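Following: one structure in structure tokens, then a few remarks.
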Amino acid sequence: MRRVTTIARNRDGNAMLEFAIGSGVLVMAFVGTFQFGYTFLQYNNLQNAVARGARYASLVPYDSTTTSPSAGFSSAVKNMVLYGSPTAGTSPVLPGLTTTNVNLTVTFTNGVPSAMNVSISGYTINSIFATSTLTNKPQITYAYQGIWTPV
């Protein structure tokens, strides 16, 4: 009987067990925080790139008479989003981002361009344990302030 009570009161190994449980919880919390932070950082970089493209589109001369932009204008805006320059570069702002992910929508009011909307669709942010596929996000619209020069 004495041996049973001695074993029941023995606390050898408690610290090791507490460390194992506590460290497991902490590791999961750190991994979750890293995952959220990395996804947020990638989304923020993407939002900055979209804002840069929309601003560029709102300031350069628009050369089409319809809401469908010319190939040159569309290409320059998409390159601005992807590379930070109206001409094609070698490495995009984010890995895996292509021109097919960039959408440009031109809004006309009273037959004149009034707004440029740039958004991202179909881009996947790959984190460690999960992926996030974006549809029309981020999306930024700037009022058109450039010179309308229809051809």
Side-chain angles (χ1 to χ4, degrees), residues 1-62 64 67-109 113-146:
M1 190 69 163
R2 200 179 278 174
R3 186 167 169 89
V4 173
T5 58
T6 305
I7 291 173
R9 291 182 183 165
N10 190 357
R11 296 189 178 199
D12 291 345
N14 281 357
M16 185 171 61
L17 182 63
E18 290 171 3
F19 176 76
I21 293 171
S23 64
V25 170
L26 280 175
V27 165
M28 286 189 289
F30 287 146
V31 167
T33 302
F34 175 78
Q35 175 134 351
F36 176 76
Y38 180 77
T39 303
F40 187 72
L41 174 70
Q42 294 296 77
Y43 186 83
N44 191 33
N45 288 340
L46 194 58
Q47 188 172 13
N48 288 336
V50 168
R52 187 173 42 245
R55 180 164 164 68
Y56 176 80
S58 72
L59 296 175
V60 297
Y62 186 71
S64 178
T67 58
S68 299
S70 67
F73 184 85
S74 179
S75 176
V77 170
K78 289 179 179 185
N79 285 334
M80 193 65 161
V81 172
L82 273 129
Y83 307 110
S85 168
T87 57
T90 56
S91 61
V93 174
L94 293 170
L97 186 63
T98 63
T99 56
T100 58
N101 300 121
V102 181
N103 303 320
L104 171 64
T105 306
V106 180
T107 305
F108 269 61
T109 303
S114 59
M116 299 290 170
N117 179 294
V118 178
S119 64
I120 300 292
S121 287
Y123 180 69
T124 302
I125 297 175
N126 293 319
S127 297
I128 295 176
F129 296 109
T131 59
S132 303
T133 302
L134 305 174
T135 304
N136 287 330
K137 290 184 180 182
Q139 176 177 341
I140 298 190
T141 302
Y142 276 101
Y144 184 67
Q145 301 171 6

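Computed from a predicted model, the values in this text were never measured in an experiment.
- Between S132 and T39, the closest heavy-atom pair is OG-CG2, 4.1 Å.
- In this structure, S70 and S64 approach most closely via the heavy-atom pair N-CB, 4.1 Å.
- Here the closest non-hydrogen pair linking S91 and Y83 is O-CD2, 3.5 Å.
- Here the OH-OG1 distance, from Y62 to T67, works out to 6.5 Å after rounding to the nearest 0.5 Å.
- Using a distance-only test at 3.5 Å, with no hydrogens or angles considered, a donor-acceptor pair links the side chain of S121 to the main chain of N136.
- Remark: Y43 OH to Y123 OH distance equals 13.0 Å, nearest 0.5 Å.
- Judged by distance alone, the side chains of N126 and T131 never bring a donor and an acceptor atom under 3.5 Å apart.
- Atom CE of M116 is separated from atom CD of Q145 by 11.0 Å, given to the nearest 0.5 angstrom.
- From S127, atom OG reaches atom CZ of F36 across 10.5 Å, with rounding to the nearest 0.5 Å.
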Which side-chain N or O atoms in residues 72-80 pair as donor and acceptor under 3.5 Å with protein atoms at least two apart or in another chain?
from, atom 1, to, atom 2, distance (Å)
N79, ND2, S75, O, 3.2
N79, ND2, P86, O, 3.3

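- Between N101 and G96 the shortest heavy-atom distance is OD1-O, 3.8 Å.
- Partners of Q42 under the side-chain contact (heavy atoms from CB on, under 4.5 Å) rule, at least two apart in sequence or in another chain, are Y38, N45, L94, P95, I125.
- For the pair V93 and V81, the tightest heavy-atom approach, listed with the atom from each and the gap, is CG2-O, 3.6 Å.
- Residues passing the side-chain contact (heavy atoms from CB on, under 4.5 Å) test with S85, sequence neighbours excluded: T87.
- Remark: Y142 engages no residue in a ring-ring contact (aromatic ring centres under 6.0 Å, His included) (not counting sequence neighbours).
- Within the 4.5 Å cutoff, side-chain heavy atoms of L46 are placed close to those of L134.
- Two residues are said to be in side-chain contact when any heavy atoms from C-beta on lie closer than 4.5 Å; I120 and P138 meet this criterion.
- Not a single side-chain hydrogen bond (donor to acceptor under 3.5 Å, both in side chains) links T135 to another residue, sequence neighbours left out.
- Residues forming a side-chain contact (heavy atoms from CB on, under 4.5 Å) with T105 (at least two apart in sequence, or on another chain): N117.
- Within a 6.0 Å radius of CZ in R52, other residues, nucleotides and ligands contribute more than 12 heavy atoms.
- For L104 against A57, the heavy-atom pair with the smallest separation is CD1-CB, 4.4 Å.
- A 4.5 Å side-chain heavy-atom check between V102 and V118 finds at least one atom pair inside the cut-off.
- Using a 4.5 Å heavy-atom cutoff, the side chains of Y144 and S114 are not in contact.
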